Q: 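Sending over a structure as structure tokens; questions will come in a sec.
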Amino acid sequence: MTAAIDPETFAALRDTTGSDFVRELIDTFLQEAPGMLADLEQALAALDADRFRRAAHSLKSNGNTFGALALGALARELELSGVAEVSDRGANALAPVAAEYARVATALAGLRDD
């Protein structure tokens, strides 16, 4: 299995913004991402295409910022597929995204304290 966080992308972020700011970004992401996942679930349940797309886009963009490339790719796929297609996949359609976020959150928590 690949790393949850691409080390080169994360290093570039840290080099560009500084360690203190990266810690703030991580804290913000770890606070906000569960809400993004909840938005995805709620939008999927309501078949709210705009809300679903926005939540997937936000998760994709935020994940890619840190080098969470697998999370970004999963969220991008949701964003491009749309709520109707994802809904057709059944009850566990968002499980891969939630599982990958869990890996990313653990990795970021470790990197935050480095």
Side-chain angles (χ1 to χ4, degrees):
M1 180 172 271
T2 61
I5 303 295
D6 176 64
E8 290 179 17
T9 304
F10 189 81
L13 175 66
R14 182 176 275 162
D15 292 346
T16 302
T17 63
S19 295
D20 290 341
F21 189 63
V22 168
R23 278 192 288 279
E24 289 179 36
L25 289 174
I26 289 171
D27 289 344
T28 300
F29 179 68
L30 294 178
Q31 290 172 357
E32 293 179 358
M36 292 176 209
L37 291 169
D39 274 351
L40 276 175
E41 291 174 11
Q42 293 165 4
L44 182 60
L47 296 177
D48 184 337
D50 287 336
R51 184 176 176 193
F52 186 82
R53 182 188 48 74
R54 283 192 308 272
H57 179 81
S58 295
L59 193 58
K60 173 193 74 176
S61 298
N62 282 276
N64 285 339
T65 296
F66 293 107
L69 304 181
L71 179 62
L74 287 167
R76 179 179 186 273
E77 191 276 326
L78 292 175
E79 179 184 19
L80 295 177
S81 294
V83 71
E85 182 179 317
V86 175
S87 178
D88 288 344
R89 297 178 193 169
N92 293 322
L94 300 179
V97 176
E100 187 59 25
Y101 169 71
R103 282 186 355 111
V104 166
T106 299
L108 286 176
L111 289 167
R112 184 202 180 286
D113 298 327
D114 280 354

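Sequential numbering from 1 along the given sequence is applied to the chain's residues. Predicted model only: the values in this text are computed from it and were never measured.
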Q: So if you build clusters from Ile, Leu, Val, Met, Phe, Trp, Tyr with side-chain heavy-atom gaps below 4.5 Å, do V86 and L37 land together?
A: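 Yes: a chain of side-chain contacts under 4.5 Å links V86 to L37.
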
Q: Do side-chain atoms of S87 reach the backbone of V83 as a donor and acceptor pair under 3.5 angstrom?
A: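 No, the answer is negative, given that no donor and acceptor are paired below the 3.5 Å cut-off.
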
Q: Kindly write out the residues that satisfy side-chain contact (heavy atoms from CB on, under 4.5 Å) with S19, not counting sequence neighbours, or none if the list is empty.
A: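 S19 satisfies side-chain contact (heavy atoms from CB on, under 4.5 Å) with R14, R23 once adjacent residues are dropped.
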
Q: Using a strict 4.0 Å threshold on nitrogen-to-oxygen distance, state whether R89 and E77 make a salt bridge.
A: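 Yes.
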
Q: Taking side chain to side chain contact (heavy atoms under 4.5 Å, CB included) as the criterion, tell me which of L59, N64, I5 meets it with L71.
A: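 Looking at L59, N64, I5, the match for L71 under the side chain to side chain contact (heavy atoms under 4.5 Å, CB included) is L59.
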
Q: D39: which residues meet the salt bridge (charged side-chain N to carboxylate O under 4.0 Å, His left out) condition with it, sequence neighbours left out?
A: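 Residues passing salt bridge (charged side-chain N to carboxylate O under 4.0 Å, His left out) with D39: R51.
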
Q: Quick check on N92: does its CG atom have over 12 non-hydrogen neighbours (other residues, nucleotides or ligands) under 6.0 Å away?
A: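 Counting neighbours around CG of N92, 12 or fewer heavy atoms of other residues, nucleotides or ligands fall under 6.0 Å, so no.
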
Q: Report the residues that fulfil side chain to side chain donor-acceptor pair (under 3.5 Å) with R54, sequence neighbours left out, ordered by chain and then residue number.
A: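 If we apply the side chain to side chain donor-acceptor pair (under 3.5 Å) test to R54, skipping adjacent residues, there are no hits.
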
Q: Give me the ring orientation class for F29 and F66: parallel if the planes are under 30° apart, tilted from 30 to 60°, perpendicular past 60°.
A: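 Because their plane-to-plane angle lies in the 30° to 60° range, the rings of F29 and F66 count as tilted.
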
Q: Please list all pairs passing the ring pair (Phe, Tyr, Trp, His ring centres under 6.0 Å) test where one or both residues lie in residues 71-95, with sequence neighbours left out.
A: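 Qualifying pairs, neighbours excluded: none.
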
Q: Do Y101 and L30 make a side-chain contact, defined as non-hydrogen atoms from C-beta onward lying under 4.5 Å apart?
A: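 Yes, at least one pair of side-chain atoms sits under 4.5 Å.
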
Q: Holding to side-chain contact (heavy atoms from CB on, under 4.5 Å), I want the full list of residues that pass it with A4, two or more places apart in sequence or in another chain.
A: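 Per chain and number, A4 pairs via side-chain contact (heavy atoms from CB on, under 4.5 Å) with E100, R103, V104, A107.
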
Q: For E32, which residues count as a side chain to side chain donor-acceptor pair (under 3.5 Å) partner, sequence neighbours excluded?
A: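 Side chain to side chain donor-acceptor pair (under 3.5 Å) check on E32 returns nothing, list empty.
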
Q: Is there a continuous path of hydrophobic side-chain contacts, each under 4.5 Å between heavy atoms, that joins V22 to L69?
A: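 No, separate clusters.
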
Q: Verify side chain to side chain contact (heavy atoms under 4.5 Å, CB included) between F10 and I26, making sure each step is shown before the conclusion.
A: CA-CA 11 Å; F10 189 81; I26 289 171; 4.0 Å; yes

